[in-house]
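See below for the structure under consideration.
Reminder, nothing fancy here: chain letters follow the sequence lines and each chain counts from 1. Because the structure is a prediction, the values reported are computed rather than measured.
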Amino acid sequence: MAQGKFCNREKVDTLEQLQALLNDKGGGQYYKEMQDLDVDTDLLWATLQKTLKEKSRIKAWLEICAHCGMCSDSCFLYLANNKDPEQVPSYKIQSTLGQLYKRKGKVDNAFMQMCMDTAWSKCTCCNRCGMYCPFGIDMGIMFSYLRGLCFQQGFVPWEMKIGSGMHRVFRAQMDVTTEDWVETCEWMAEEYEEDWPGLKIPIEKVGADIMYTVNAREPKHYPEDLAEAAILFHLAGEDWTVPEEGWEETSLAMFAGDWEACKMQVQSVYDAMERLKPKRMVVTECGHAYRATVIEGPYWCGLKTGQPPVESLHYVEWVAEVLRNGKLKIDPAKKIKEPVTLQDSCNYIRNAGLAEYTREIMSYIAEDFREMSPNKDHNFCCGGGGGFNGIGRYRKQRNAGLKVKRDQILQTGAKLVIAPCHNCWDAIRDLEEVFEVGIRWSFLKPLLVEMVEVPEHLKPQEEEV
Amino acid sequence: MYELVTGPLAWLAFGIFFIGVTVRAVLYIRGLDWQMDRVAYKPHRIHGLKGAVNSIVSWLIPYGTRSWRFYPFFTLMVFVFHIGLLFTPIFLEGHNILLKERFGFSLWSISQPTADVLTIGMMTAAFFILLRRYALPEVRILTTWYDYTVLAIAVAPFLTGFLAAHQIGNYQFWLITHILAGEIMLIAIPFTKLSHFILFFLSRAQLGMDYGIKRGGMKRKRGMAW
């Protein structure tokens, strides 16, 4: 029994380690090494004592669970897997964390692998079960906690280890350096300036009204998203900026249970806030990014108010605001005419209370908006949250879980799904790929750019001619 | 025997119950940790209080939450069970006569037929709850001997009390057994899952504060729709 070269308890803190891990394609060797990874039972028990035994919340949850099973139907994975009893949330947490605690951390490799598989492939930490338990037992929170224990022991899916390593090395979920980021901003501003006279992406401006932050996927793979954000800020006449560093909101570290890296990542954003002193921060259309940086981040960084250093808005809050105050106006002729539905992201709807903001947006942009059922705070996870989308080892389980969202969408009769969240967007794209039900999906930005009225002086030059 | 179970043993049982429940409550509250739980309890007391009250009240109302409505029959059983469990012993005429004799005061009491209805209702509900544990795979997988024991501890005082009150069989035997069973339940409350007698309120309050303070409480126009 030992520590592997890739699969071990070490954190990925250098580019070399990260590169080596990436070179192990698909984690072949990584998972092979996991078979021999030893469990540091003393460390496990010490951690459990400090964070569970001496605290009351999770301890009480584990103790008082009445085994009533009322959480079962709340779980989309239970529903998607033909009501498999082993998918009952209470069972999943009692048989993993519950046993870990009962056995005082004296568990073996196979048990830890089972914990890992359960924590990452049978729960997306959507927190829906907590709403259906009479005692308010939130199994999503406990699974997130369990992920932390697994991570500490090195029992973590390959992609998650890489993800947390990315945050440690790049302060971003992908290998996007400060130079890459700045260049992408400049490139996008140049690229679109001709169509949108005066368009700028102001970098590192002190004292702006809005500091805009993104998901690293945007500069890396979808730079036009950044351009669209710029166009909408530009049209709304906002005084905005992006930080040179601390621009990344996401946190694969949160999905991985790497709390140390969570803090590092979020701190980089808070440092940007301190440096640039914006009035407010706006986060792109990403659910977990907002959850990590705005909702959970203050606690990781020890901010006793539980609030980030400056007021922070999810993109949907900003959009609702500018549509409400008329800074952006929708051209009535361009409103969405076809039936359209909306995906509620668990991370900023159930877990941050923004359901009414997205409805407000829909009232401005859609003529035939159709709610999914259930919706708002009671929505089902898209099927890809909590890192589920990105883990090769669990692709089959992820695909099976997409059924619930598929059926919800089909029931609305809408062919267009607005998904203002990267994970939801991916899951819905993948469910179309897997099930071919003939739906389309979109973020808000591209739709808005097509729909907003452009003031005369800001009109694209081609149209002026 | 009667003197023993209604004297020293009764004092012991009530002592353990009251002290135990208080200790559980104090330990729970002291064991909350704003950074571990990631809920800023102190700086946002009002939001926390609102969330906690909403969280508790919604769940105390029969069919007051989506989850209660989702399982209509089970919910009925849960409420019948708990109402019988809590109301019968406190407002039973016999218990209040004892209270008057021993301490010189008594509470408002319910009639014998009312007590019978509550007791039979409670026991019937317990039967269906038990049946449900066998019948539903999603509940069966969760069930252990512990769950049966706890249910037995809760039902025993009612069954024995009912038999004693209606003088079915040996009155003296059932009376003593009833008192003992009641004492066992009181003692079991702080030490077993029955601690949800108090922890239900605290755990509900905690999640209510979590949602009221951190997870959207300041953004939702109305409180969380449980």
Side-chain angles (χ1 to χ4, degrees), chain A residues 51 54-61 63-74 78 83-88 90-91 94 127 130-138 141 145 291 295-296 298-300 302-307 317 348-357 374 376-378, chain B residues 24 27-40 42-44 55 59 65-68 70-71 74 78 129 132-133 136-144 146-147 150 192-193 195-196 199-200 202-208 210-211 213-221 224-226:
Chain A
T51 54
E54 291 167 18
K55 307 293 173 195
S56 53
R57 182 168 71 160
I58 296 182
K59 192 166 70 167
W61 281 346
E63 187 189 340
I64 63 174
C65 172
H67 296 164
C68 69
M70 283 175 78
C71 54
S72 52
D73 289 280
S74 73
Y78 171 78
K83 303 201 168 196
D84 176 0
E86 292 197 3
Q87 287 281 3
V88 173
S90 171
Y91 177 78
Q94 296 277 350
N127 304 92
M131 294 193 67
Y132 288 77
C133 170
F135 294 164
I137 300 175
D138 193 329
I141 286 178
Y145 171 78
R291 174 96 180 263
I295 305 294
E296 311 289 351
Y299 298 95
W300 295 330
L303 302 179
K304 291 192 172 165
T305 58
Q307 304 289 324
E317 289 177 272
Y348 67 83
I349 303 292
R350 172 161 43 258
N351 290 303
L354 303 183
E356 294 309 326
Y357 294 88
K376 299 180 187 171
D377 293 330
H378 289 269
Chain B
R24 289 303 301 250
L27 285 181
Y28 182 87
I29 294 164
R30 280 179 46 182
L32 291 177
D33 179 326
W34 74 273
Q35 204 168 5
M36 252 312 281
D37 303 344
R38 303 202 292 260
V39 182
K42 280 185 190 160
H44 308 289
S55 169
W59 284 86
T65 65
R66 205 183 171 102
S67 190
W68 286 140
F70 194 87
Y71 301 100
F74 181 56
V78 168
I129 289 169
R132 185 174 170 273
R133 285 211 177 277
L136 303 185
E138 70 270 29
V139 192
R140 202 186 313 136
I141 195 170
L142 299 171
T143 303
T144 65
Y146 186 23
D147 299 302
V150 167
T192 65
K193 264 179 212 225
S195 55
H196 75 257
L199 291 177
F200 163 83
L202 295 170
S203 179
R204 277 247 63 91
Q206 193 284 325
L207 196 69
D210 187 328
Y211 274 106
I213 292 167
K214 184 177 86 166
R215 290 194 261 172
M218 300 176 192
K219 300 275 185 174
R220 280 187 193 90
K221 287 182 190 101
M224 188 67 166
W226 289 102

Honestly, the part of A/Q94 sitting under 4.5 Å from a heavy atom of chain B is neither
Are B/S67 and A/M131 side-chain neighbours, meaning at least one heavy-atom pair lies under 4.5 Å?
no
So if I apply the side-chain contact (heavy atoms from CB on, under 4.5 Å) rule between B/D210 and each of A/D138, A/I141, A/N351, A/N127, which one comes out positive?
A/I141
Does any heavy atom of chain B fall under 4.5 Å from the side chain of A/A66, the backbone, both, or neither of them?
backbone
Using a 4.5 Å cut-off on heavy atoms from C-beta on, say whether the side chain of B/L199 contacts that of A/F135.
no
Using a strict cut-off of less than 4.0 Å between a Lys/Arg side-chain nitrogen and an Asp/Glu carboxylate oxygen, indicate whether B/R215 and A/E296 qualify as a salt bridge.
no
Under 4.5 Å heavy-atom distance to chain A, tell me which part of B/W59 shows up: side chain, backbone, both or neither.
side chain
Could you go through A/Y299 and B/D37, starting from their C-alpha distance and side-chain angles, then the distance that decides it, and tell me whether this counts as side-chain hydrogen bond (donor to acceptor under 3.5 Å, both in side chains)?
CA-CA 9 Å; A/Y299 298 95; B/D37 303 344; over 6 Å; no
Determine the option with the most heavy-atom pairs under 4.5 angstrom with chain A, choosing from B/R24, B/K221, B/K214.
B/K214
Heavy-atom pairs under 4.5 Å with chain A - which of B/K42, B/R30, B/R132 has more of them than the others?
B/R132
Minimum side-chain heavy-atom gap A/C68-B/F74 below 4.5 Å
yes
If you measure from NZ on A/K376 to CE on B/M224, what distance do you get to the nearest 0.5 Å?
12.5 Å
Contact origin within B/E138 toward chain A - heavy atom pairs under 4.5 Å
both
If you count heavy-atom pairs under 4.5 Å with chain B, which of A/P85, A/G69, A/A60 comes out on top?
A/P85
Which portion of B/L207 sits near chain A, non-hydrogen atoms under 4.5 angstrom:
side chain
Give a yes/no verdict on a cation-pi contact between A/K55 and B/Y28, requiring under 6.0 Å between NZ or CZ and the six-membered ring centre and an angle within 45° of the axis.
no
Per-residue tally against chain B (heavy atom, under 4.5 Å) across A/S90, A/S74, A/G130, A/P134 peaks at A/P134
Just verifying a value: how many Å separate A/Q307 CD and B/I213 CD1, rounded to the nearest 0.5 Å?
10.0 Å
With only heavy atoms counted, which part of B/T192 is less than 4.5 Å from chain A, the side chain, the backbone, both or neither?
backbone
Residues A/I349 and B/R220: closest non-hydrogen pair is O-NH2, 3.4 Å
Is the shortest heavy-atom distance from the side chain of A/Y357 to the side chain of B/K219 under 4.5 Å?
yes
Sort B/I129 into side chain, backbone, both or neither according to what part of it lies under 4.5 angstrom from a heavy atom of chain A.
neither
Measure B/Y146 against the heavy atoms of chain A and call it side chain, backbone, both or neither at under 4.5 Å.
neither
With a 4.5 Å limit on heavy-atom distance, are the side chains of B/Y71 and A/D73 in contact?
yes
Between B/S203 and chain A, which part of the residue has a heavy atom less than 4.5 Å away: side chain, backbone, both or neither?
both
Find the distance between OH (A/Y91) and CD1 (B/I141) and round it off to the nearest 0.5 Å.
4.5 Å
Checking B/R133 against chain A: side chain, backbone, both or neither under 4.5 Å from a heavy atom?
side chain
Answer key: most heavy-atom pairs under 4.5 Å with chain B among A/G306, A/C71, A/S72 is A/S72
Should B/H196 and A/E63 count as side-chain neighbours, where that means a heavy-atom distance under 4.5 Å?
no
Euclidean distance, A/D377 CG relative to B/R66 CZ, rounded to 0.5 Å:
10.0 Å
Side chain to side chain contact (heavy atoms under 4.5 Å, CB included) assessment of B/M36 paired with A/T51:
CA-CA 7 Å; B/M36 252 312 281; A/T51 54; 3.7 Å; yes
Could you check if a side-chain atom of A/W300 sits within less than 4.5 angstrom of a side-chain atom of B/Q35, using non-hydrogen atoms only?
no
Rounded distance (nearest 0.5 Å) linking atom CH2 of B/W226 with atom SG of A/C133:
9.5 Å
Between CG of B/L202 and CZ of A/R57, what distance do you get to the nearest 0.5 Å?
14.0 Å
Side chain from CB out, backbone as N, CA, C, O: work out which of these in A/Y348 comes under 4.5 Å of a heavy atom of chain B, or both, or neither.
neither
State, with a plain yes or no, whether a side-chain heavy atom of B/L27 is found less than 4.5 Å away from one of A/S56.
no
